[in-house]
Amino acid sequence: MSDSAPLPAGPPAPISRLLLTGAAGVLGRLLRPRLHRVCEQLLLHDRVSSGALAAHEAEQVCDLSDHAAMTQLLQGVDAVVHLGGVSMESPFEQVAASNLHGVFNLYEAARLSGCRRIVFASSNHATGCYPRGQALSASDPPRPDGYYGVSKLFGENMAQLYWDRYGLETVCLRIGTASPTPEDRRALSTWLSPDDLERLVLAALLAPGVGCLTVYGVSANSARWWSDQGWDKIGYRPQDNAEAWRSQVEGHDFDAGSPMARLQGGSFLGLGPFEAGPA
Ligand code: NAI
Ligand code: 15L
């Protein structure tokens, strides 16, 4: 975070036009009905249609990698919840198109349109190569567990650049495992409940004067690895705790000693490399 950046001015609440990218995805569908109370119009974006629209909704379908379409999409947008993109470890070209070029297009379009705030869905996979159990804060050096994690760090760096140079505010959320309930042992540490996801995203959207900030996005899990650094700046107070599911899920884990069991990134450590080569 920079102290010398231009004076912050978050989006006025309610926000006139809020853009939700990745609206057709898992988290997009979850957040869509929870965002309308903070905006006058919710503009849904994805590369596929998000279905029938409510009165306060509009939609534009285009690819994040289409520079001209993204420039047009951002016209009149006050704030963005950016969920769109490749959401799991994948071959580099796929990650690059959506999460590198797509993020560049989003930030350039936001700068040109005068958009004030982006809430960027980063990921815990930015630090997925740390051992399980190691306490981390967003100030610790990154240790991405794949191209996907690297792409989220690219997004976090774009956020810092566009704050320092252009005064565009971003809250980067290093989301853990957002799901209805925790489903395995790892999620006892990484789980983010749907209600806490809503609390986190609304806090990141509406808090005044955030500048550029990166926080972990996780519920109040007793077993969580990640610090609450930055939560006070946006007023995020998680209410849920995965511990309530311990007896059902703690037996569900990867083979002991495997990278998936040893490292925080879990299953992503079992994906890739994607090109054939020497064993
Ligand atoms: P998802 O894969 O269900 O949704 C992503 C959406 O982005 C999809 O609807 C897809 O069509 C769209 N998309 C992908 N590439 C695109 C492109 N080039 N142009 C336009 N649209 C494109 O992912 P999910 O689970 O909803 O996650 C949302 C965001 O949160 C992602 O950025 C993901 O990396 C991040 N995240 C999610 C976590 C989780 O637990 N679900 C954890 C950490 C981060
Ligand atoms: C992510 O970044 C993914 O988008 C999501 O599908 C989950 O796998 C999550 O991380 C996780 O680490 O559990």
Side-chain angles (χ1 to χ4, degrees), residues 19-32 44-51 59-67 69-70 73 80-90 93-106 109 118-130 132 144-156 171-194 196-197 200-201 204 214-219 221 224-226 242 249 252 254 260 263-271:
L19 171 63
L20 175 64
T21 72
V26 174
L27 301 193
R29 279 179 274 127
L30 201 152
L31 282 170
R32 178 177 167 185
L44 307 173
H45 167 264
D46 205 296
R47 61 180 164 196
V48 296
S49 174
S50 301
E59 178 178 54
Q60 196 165 321
V61 175
C62 70
D63 202 289
L64 289 164
S65 62
D66 182 337
H67 188 80
M70 290 300 292
L73 176 69
V80 182
V81 176
H82 181 53
L83 304 179
V86 170
S87 62
M88 64 181 296
E89 180 57 355
S90 307
E93 289 71 19
Q94 291 172 29
V95 174
S98 296
N99 296 14
L100 304 184
H101 291 284
V103 164
F104 165 74
N105 290 338
L106 175 77
I118 294 177
V119 175
F120 171 61
S122 183
S123 171
N124 73 88
H125 293 282
T127 50
C129 276
Y130 278 97
R132 271 198 200 186
D145 58 29
Y147 303 137
Y148 169 72
V150 170
S151 77
K152 292 301 185 182
L153 290 161
F154 174 80
E156 292 182 10
V171 183
C172 301
L173 307 176
R174 286 186 181 169
I175 299 170
T177 305
S179 56
T181 60
E183 285 174 6
D184 59 14
R185 186 183 188 89
R186 173 176 175 269
L188 292 171
S189 302
T190 63
W191 186 54
L192 177 65
S193 75
D196 283 339
L197 173 68
L200 179 64
V201 169
T214 298
V215 301
Y216 279 94
V218 66
S219 281
N221 306 324
R224 79 180 151 84
W225 304 318
W226 307 316
V249 304
H252 300 167
F254 302 99
M260 295 177 287
L263 303 178
Q264 294 195 2
S267 64
F268 281 35
L269 275 305
L271 301 172

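Both counts, for ligands and for their atoms, begin at 1 and track the order of listing. Along the sequence shown, residues carry numbers from 1. A quick note: this is a predicted structure, and the numbers were derived from the prediction, not measured. Heavy-atom basis, side chains included; hydrogens, waters and symmetry copies ignored.
With L173 as the partner, the side chain to side chain contact (heavy atoms under 4.5 Å, CB included) test is satisfied by one option alone out of V81, V218, V201: V201.
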Would you tabulate the polar-atom pairs, meaning N/O of ligand 2 against N/O of the protein, with distances under 3.5 Å, reported to 0.1 Å?
{"residue": "ligand 2", "atom": "2 (O)", "partner": "S123", "partner atom": "OG", "Å": "2.7"}
{"residue": "ligand 2", "atom": "2 (O)", "partner": "Y148", "partner atom": "OH", "Å": "2.7"}
{"residue": "ligand 2", "atom": "4 (O)", "partner": "S87", "partner atom": "O", "Å": "2.6"}
{"residue": "ligand 2", "atom": "4 (O)", "partner": "Y148", "partner atom": "OH", "Å": "3.2"}
{"residue": "ligand 2", "atom": "10 (O)", "partner": "H125", "partner atom": "NE2", "Å": "3.1"}
{"residue": "ligand 2", "atom": "12 (O)", "partner": "N124", "partner atom": "ND2", "Å": "3.0"}
{"residue": "ligand 2", "atom": "12 (O)", "partner": "H125", "partner atom": "NE2", "Å": "2.7"}
{"residue": "ligand 2", "atom": "12 (O)", "partner": "R186", "partner atom": "NH1", "Å": "3.4"}
{"residue": "ligand 2", "atom": "12 (O)", "partner": "R186", "partner atom": "NH2", "Å": "2.8"}
{"residue": "ligand 2", "atom": "13 (O)", "partner": "T177", "partner atom": "OG1", "Å": "2.5"}
{"residue": "ligand 2", "atom": "13 (O)", "partner": "R186", "partner atom": "NH1", "Å": "2.9"}

Check ligand 1 for close polar pairs with the protein: N or O on both sides, less than 3.5 Å.
{"residue": "ligand 1", "atom": "2 (O)", "partner": "S87", "partner atom": "OG", "Å": "2.7"}
{"residue": "ligand 1", "atom": "3 (O)", "partner": "V26", "partner atom": "N", "Å": "2.9"}
{"residue": "ligand 1", "atom": "7 (O)", "partner": "G85", "partner atom": "N", "Å": "3.1"}
{"residue": "ligand 1", "atom": "9 (O)", "partner": "G25", "partner atom": "N", "Å": "3.1"}
{"residue": "ligand 1", "atom": "9 (O)", "partner": "D46", "partner atom": "OD1", "Å": "3.4"}
{"residue": "ligand 1", "atom": "9 (O)", "partner": "D46", "partner atom": "OD2", "Å": "2.6"}
{"residue": "ligand 1", "atom": "11 (O)", "partner": "D46", "partner atom": "OD1", "Å": "2.6"}
{"residue": "ligand 1", "atom": "15 (N)", "partner": "R47", "partner atom": "NH2", "Å": "3.4"}
{"residue": "ligand 1", "atom": "15 (N)", "partner": "S98", "partner atom": "OG", "Å": "3.2"}
{"residue": "ligand 1", "atom": "18 (N)", "partner": "R47", "partner atom": "NH1", "Å": "3.4"}
{"residue": "ligand 1", "atom": "18 (N)", "partner": "D63", "partner atom": "OD1", "Å": "2.9"}
{"residue": "ligand 1", "atom": "18 (N)", "partner": "S98", "partner atom": "OG", "Å": "2.8"}
{"residue": "ligand 1", "atom": "19 (N)", "partner": "L64", "partner atom": "N", "Å": "2.8"}
{"residue": "ligand 1", "atom": "21 (N)", "partner": "R47", "partner atom": "N", "Å": "3.4"}
{"residue": "ligand 1", "atom": "23 (O)", "partner": "S87", "partner atom": "OG", "Å": "3.4"}
{"residue": "ligand 1", "atom": "26 (O)", "partner": "V26", "partner atom": "N", "Å": "3.2"}
{"residue": "ligand 1", "atom": "26 (O)", "partner": "L27", "partner atom": "N", "Å": "2.8"}
{"residue": "ligand 1", "atom": "32 (O)", "partner": "L83", "partner atom": "O", "Å": "2.9"}
{"residue": "ligand 1", "atom": "32 (O)", "partner": "K152", "partner atom": "NZ", "Å": "3.0"}
{"residue": "ligand 1", "atom": "34 (O)", "partner": "Y148", "partner atom": "OH", "Å": "2.4"}
{"residue": "ligand 1", "atom": "34 (O)", "partner": "K152", "partner atom": "NZ", "Å": "3.1"}
{"residue": "ligand 1", "atom": "40 (O)", "partner": "A178", "partner atom": "N", "Å": "2.8"}

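Annotation: side chain of L64 is in contact with side chain of H82 (closest heavy-atom distance under 4.5 Å). The side-chain heavy atoms of S179 and W191, taken from C-beta on, include a pair separated by under 4.5 Å. Annotation: side chain of W226 is not in contact with side chain of V215 (no heavy-atom distance under 4.5 Å).
Scanning for ring-ring contact (aromatic ring centres under 6.0 Å, His included) contacts around Y130 gives an empty result, with sequence neighbours left out. Every residue two or more places apart in sequence or in another chain was checked for a side chain to side chain donor-acceptor pair (under 3.5 Å) with T214, and none qualifies.
When only modelled atom types and interatomic distance are considered, T127 and Q264 share no side-chain donor-acceptor pair under 3.5 Å. With hydrogens and angles left out, the side-chain atoms of H45 and T21 include no donor and acceptor closer than 3.5 Å. Using a 3.5 Å distance cut-off with no hydrogens or angles, the side chains of S189 and W225 do pair a donor with an acceptor.
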